[in-house]
Amino acid sequence: MNQRHHLPPGGGPAARSGHRPAAGFAARTVGGLTGRAITVAAGRAAEPGGLRFTERQLYYETCRVLSPGSAFLRGRIAGTPAPVLRLPAFTRALDERGRESVPGLLPPPVAPPARPSRPERSEGAERSEGAERSEGAERSEGAEPDLYDYGLPRLLLCQSRSIAGMLLANHIHLEAACPVLAADDALPLDPRVIAALERAGGATVHVLHDASPAGVALPARVRATLGPLSGVRVVSLGLVPRHVASLRLPTGRGPRPGPAGLGALPAALRPRETDWLAGGRFAEVAAVPPARLLRTVLRLTRGPRPPRDSLWSGLRGLRGTGFMTWPAA
């Protein structure tokens with residue numbers, strides 16, 4: 001993160017003189033200011049209509065509250081600023097306040113149970129058709145038997161399990177008619193899901209990922225797991241570094257990717273974006289304001305809306321409907 005927020009090695013003149021109460025007063029002041037900023041940030045993150053949000057989204061919203069100028073510069077001046085608040089300071093203030101007292105804050109996600117592994121076949125053994133049917137019945141036990149018999153026109157995979165839970169908590173899967181899954185939990189995709197995608201004809205797998213070497217390479221990883229499916233597209237919803245700069249999202253810096261990580265970056269990236277990622281820079285989807293993230297995901301997954309018919313266009317259309325048509329005379 002931003003090293004400018006660290007104290008100097010000596011701790012400052014107050015620490016050298018032994019005035020520890022002054023340091024405690026400063027810590028309490030910063031903690032109180034952060035606590036009030038969290039309250040304001042929680043109200044903003046829930047707008048409009050009482051949205052649910054993750055702890056990391058609340059952190060970035062608190063950073064925006066503490067830097068009012070970022071809202072003015074967003075969309076006008078491109079850049080990737082450092083967070084104005086260190087994550088440990090935010091976590092301490094949130095612990096002191098109590099997570100349960102923040103309305104709209106989602107609990108940490110829980111990893112689903114591991115998938116049962118298939119029993120290994122003995123050498124030379126062949127599985128009969130009846131065994132295949134019984135295995136399929138066991139996998140479908142407790143679920144609707146015809147759940148995978150339909151086509152699946154679109155699917156959304158999220159790199160972050162927390163973001164996937166946030167989208168589900170805000171009912172994006174219902175509004176977009178699109179299942180939302182976490183990539184770590186869903187990959188490799190269930191063969192029945194793959195068959196449903198192929199059955200739909202022209203299905204799209206949307207991938208929502210961070211602007212990081214691992215995130216930018218996730219769509220290619222999804223394509224590799226799908227294999228040669230006819231008519232199934234894999235589309236990246238972002239983030240990529242150019243999105244981060246245009247939205248002025250806070251960024252961090254981690255370890256530089258190795259040769260394998262750089263080789264997995266897509267060729268469509270601009271040279272400046274590749275250099276940005278090669279330097280260890282990253283930005284999270286959680287840094288996007290919650291309301292904006294929901295609107296963007298909904299718009300991109302549903303596709304363009306059909307043109308709305310007016311009264312006159314509807315009346316003209318009645319002339320060719322066949323039943324109760326417009327009178328000829």
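In what follows, residues are counted from 1 in the order of the sequence shown.
- When every heavy atom of L51 is checked against every heavy atom of E47, the shortest pair comes out as CD1-O, 3.5 Å.
- A distance of 6.0 Å separates CG of L33 from CG of L66, quoted to the nearest 0.5 Å.
- When all heavy atoms of P103 and S101 are compared, the pair lying nearest together is CD-O, 3.3 Å.
- Every residue meeting the side chain to side chain contact (heavy atoms under 4.5 Å, CB included) condition with A169, not counting sequence neighbours, appears here in chain and number order: R52, L106.
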Query raised in the report: Could you walk me through whether T296 and V288 pass the side-chain contact (heavy atoms from CB on, under 4.5 Å) check?
Result: CA-CA 10 Å; T296 303; V288 181; 5.9 Å; no
Query raised in the report: Do T34 and R92 pass the side-chain hydrogen bond (donor to acceptor under 3.5 Å, both in side chains) test, and can you show the C-alpha distance, the side-chain angles, and the key distance before you say yes or no?
Result: CA-CA 9 Å; T34 304; R92 286 195 300 269; over 6 Å; no
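- The stretch residues 234-245 participates, sequence neighbours left out, in these side chain to side chain donor-acceptor pair (under 3.5 Å) pairs: H209-S236, R242-E273.
- Note: the hydrophobic cluster containing L262 also contains L277 (ILVMFWY, side chain heavy atoms under 4.5 Å, direct or indirect links).
- Looking at heavy atoms from C-beta onward, P290 lies out of side-chain contact with L293 at the 4.5 angstrom threshold.
- Side chain of R199 to main chain of L152: no donor-acceptor pair is present (N/O by atom type, distance under 3.5 Å, no hydrogens or angles).
- The CD1 atom of I38 sits 9.0 Å away from the CD atom of E55 when rounded to the nearest 0.5 Å.
- Residues passing the side chain to side chain contact (heavy atoms under 4.5 Å, CB included) test with A287, sequence neighbours excluded: Y60, L249, P250.
- Between S212 and F282, the shortest heavy-atom contact is CB-CB, 3.9 Å.
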Query - Stepwise side-chain hydrogen bond (donor to acceptor under 3.5 Å, both in side chains) check, R233 with T204 - result: CA-CA 5 Å; R233 299 186 307 150; T204 302; 3.2 Å; yes
Query raised in the report: So L300 and H206, side-chain contact (heavy atoms from CB on, under 4.5 Å) or not? Walk me through it.
Result: CA-CA 9 Å; L300 295 178; H206 301 278; 5.5 Å; no
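- Salt-bridge annotation for R64 and E61: present, with a side-chain N of the basic residue lying under 4.0 Å from a carboxylate O of the acidic one.
- The two residues V216 and L239 come nearest to each other via the heavy atoms CG2-O, 4.1 Å.
- Under the rule for a side chain to side chain contact (heavy atoms under 4.5 Å, CB included), P108 has no partner lying at least two apart in sequence or in another chain.
- In this structure, V285 is not a member of the same hydrophobic cluster as V235, with clusters built from ILVMFWY side-chain heavy atoms closer than 4.5 Å.
- Taking 4.5 Å as the limit, every side-chain heavy atom of M166 sits out of range of all side-chain heavy atoms of I172.
- Judged by distance alone, with hydrogens and angles left aside, the side-chain atoms of R99 form no donor-acceptor pair with the main-chain N or O of L105 at under 3.5 Å.
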Atom pairs and distances, donor-acceptor, side-chain atoms in residues 155-165, under 3.5 Å, two or more places apart:
unit_1, atom_1, unit_2, atom_2, d
Q159, OE1, D210, N, 2.8
S160, OG, S162, N, 3.2
S160, OG, I163, N, 3.2
R161, NE, D185, OD1, 3.3
R161, NE, D185, OD2, 3.0
R161, NH2, D185, OD1, 2.7

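- For the atom pair OG1 (T301) and NE2 (H173), the distance works out to 12.5 Å, reported to the nearest 0.5 Å.
- Here the shortest heavy-atom pairing between G35 and A93 reads N-CB, 4.4 Å.
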Requested in this report: Decide side-chain contact (heavy atoms from CB on, under 4.5 Å) for L294 and E175; before the verdict, give the C-alpha distance in whole Å, the side-chain angles of both, and the deciding distance to 0.1 Å.
Outcome: CA-CA 11 Å; L294 294 176; E175 294 189 49; over 6 Å; no
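- The ring pair (Phe, Tyr, Trp, His ring centres under 6.0 Å) search around F90 returns Y59, not counting sequence neighbours.
- Side-chain contact between T91 and L94 is absent, with no heavy atoms from C-beta onward closer than 4.5 Å.
- Between W276 and P241 the shortest heavy-atom distance is CE3-CG, 3.5 Å.
- For the atom pair L189 CG and I194 CD1, the distance stands at 5.0 Å (nearest 0.5 Å).
- From L218, atom CG reaches atom CG of L187 across 7.0 Å, with rounding to the nearest 0.5 Å.
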